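This report concerns only the one structure given below.
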Amino acid sequence: MKLIRYGDPGRENIGIQLAGVNYDVSAFGGDYNEEFFENDGLARLEKFVKANAGKLVAVPEGTRLGSPIARPSKILCIGLNYRDHAAETGAAIPKEPIIFMKSTTSLSGPFDDIVIPRNSTKTDWEVEFGVVINKKASYVDKADAFDYVAGYVLHNDVSEREFQLERGGTWDKGKGCDTFAPIGPFLATKDEIADINDVRLWLKVNGKTYQDGTTRDLIFDVPFIISYVSQFMTLLPGDVISTGTPAGVGLGFSPPIYLKPGDVVELGADGLGTSRQVVKAYHS
């Protein structure tokens, strides 16, 4: 299945996508949140959809899509997880996964604007393959990791490089600004992706391709990441783990290229659809 959420920010309804058409399933009740995943929501939703085949109402075209999951307890990210990306930033290949967090208030829809933060001059892009957790996970063995996966999402890990790298402390302050986590357009359940180790990811700015990579080049693969992260914290249903970005970020160019108001960012991944964000300046 492909799960969507649609409507005004903070008032999204739930839906599904079938054969490229978005349908409302709000009669199912609830939201795509921790409670949904924790209580076997995917299996129950599948039964609901089958029972209502031919009766579902299509969502009007042009309706805003929100993040396909409601605000999760955590948005976890893995840094420098592609060799080519580590090389372009001048960083050493990590011996263990680098973990950082994006604030949950950075979550936004796949076609919402990216807002450049106040005093920012180095806002950057990062296309990523995201994993959504299906059930509570703690001290997970790598061999069992996929048992804890609900599905996968497209994520733009928008990053402010000065805040991240030049202001001291952790990376988090450059990662969690409002609008810095556009996710979607949909959550694809596990059965939708034939091989997560061969997913192409790409990103364009103003029509020019800057990133074109594949999950074949991950340093740490998805099962390892889930197992590794779960040794340090409990993962809750609906949590997102973003697995890193391939080469081609703005920081990696000489001179660097950063986003400015009016820029258009487009990105996509095999089986996970495409998203598009227009860059806007911050206004109080």
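Every value quoted in this text rests on a predicted model; they were computed, and no experiment measured them. Reckoned from all heavy atoms, side chains included, excluding hydrogens, waters and symmetry mates.
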So, are [X] and [Y] salt-bridged, with charged N and O less than 4.0 Å apart?
X	Y	result
Asp8	Arg64	no
Lys260	Asp263	yes
Glu126	Arg161	yes
Arg200	Asp270	no

When you compare the side chain of [Y] with that of [X], does any pair of heavy atoms fall below 4.5 Å?
X	Y	value
Asp157	Thr245	no
His85	Glu88	yes
Asn22	Thr63	no
Leu76	Leu235	yes
Asp113	Thr179	no

Treating [X] as the side-chain partner and [Y] as the backbone partner, does any N or O pair qualify as donor plus acceptor under 3.5 Å?
X	Y	value
Ser103	Gly176	yes
Asp112	Gly66	no
Ser230	Ile226	yes
Thr215	Asp198	yes
Lys74	Met101	no
Arg44	Asn39	yes
Glu160	Lys122	yes
Lys175	Ser106	no

So, Glu34 and Ser73: side-chain donor and acceptor under 3.5 Å apart, yes or no?
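Distance-only check fails for Glu34 and Ser73.
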Answer yes if the side chains of Ser159 and Gln164 hold a donor-acceptor pair under 3.5 Å, and no otherwise.
no
Could you identify which residues cluster with Ile4, counting Ile, Leu, Val, Met, Phe, Trp and Tyr as linked when any side-chain heavy atoms lie under 4.5 Å apart, either directly or through a chain of such contacts?
Tyr6, Val59, Leu65, Phe111, Phe186
Closest heavy-atom contact between [X] and [Y]?
X	Y	answer
Leu80	Ala91	CD1-CB, 3.5 Å
Pro117	Cys177	CG-SG, 3.7 Å
Ser242	His155	OG-ND1, 2.7 Å
Ser67	Pro110	N-CD, 4.3 Å
Val127	Gly268	CG2-O, 4.1 Å

Show me the side-chain donor-acceptor pairs of residues 138-150 shorter than 3.5 Å, one per line, residues at least two apart or across chains.
none

Report the relative orientation of the aromatic rings in Phe28 and Phe36; use parallel for angles under 30°, tilted for 30 to 60°, perpendicular for over 60°.
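Ring orientation of Phe28 relative to Phe36: perpendicular.
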Report the residues that fulfil salt bridge (Lys or Arg N to Asp or Glu O under 4.0 Å) with Lys173, sequence neighbours left out, ordered by chain and then residue number.
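Partners of Lys173 under the salt bridge (Lys or Arg N to Asp or Glu O under 4.0 Å) test: none.
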When Val279, Ile257, Leu267, Ile114 are each screened for side-chain contact (heavy atoms from CB on, under 4.5 Å) with Trp125, the one that passes is Ile257
Applying side chain to side chain contact (heavy atoms under 4.5 Å, CB included), run through Tyr82 and Leu201 and close with a yes or a no.
CA-CA 12 Å; Tyr82 286 76; Leu201 304 96; 3.7 Å; yes
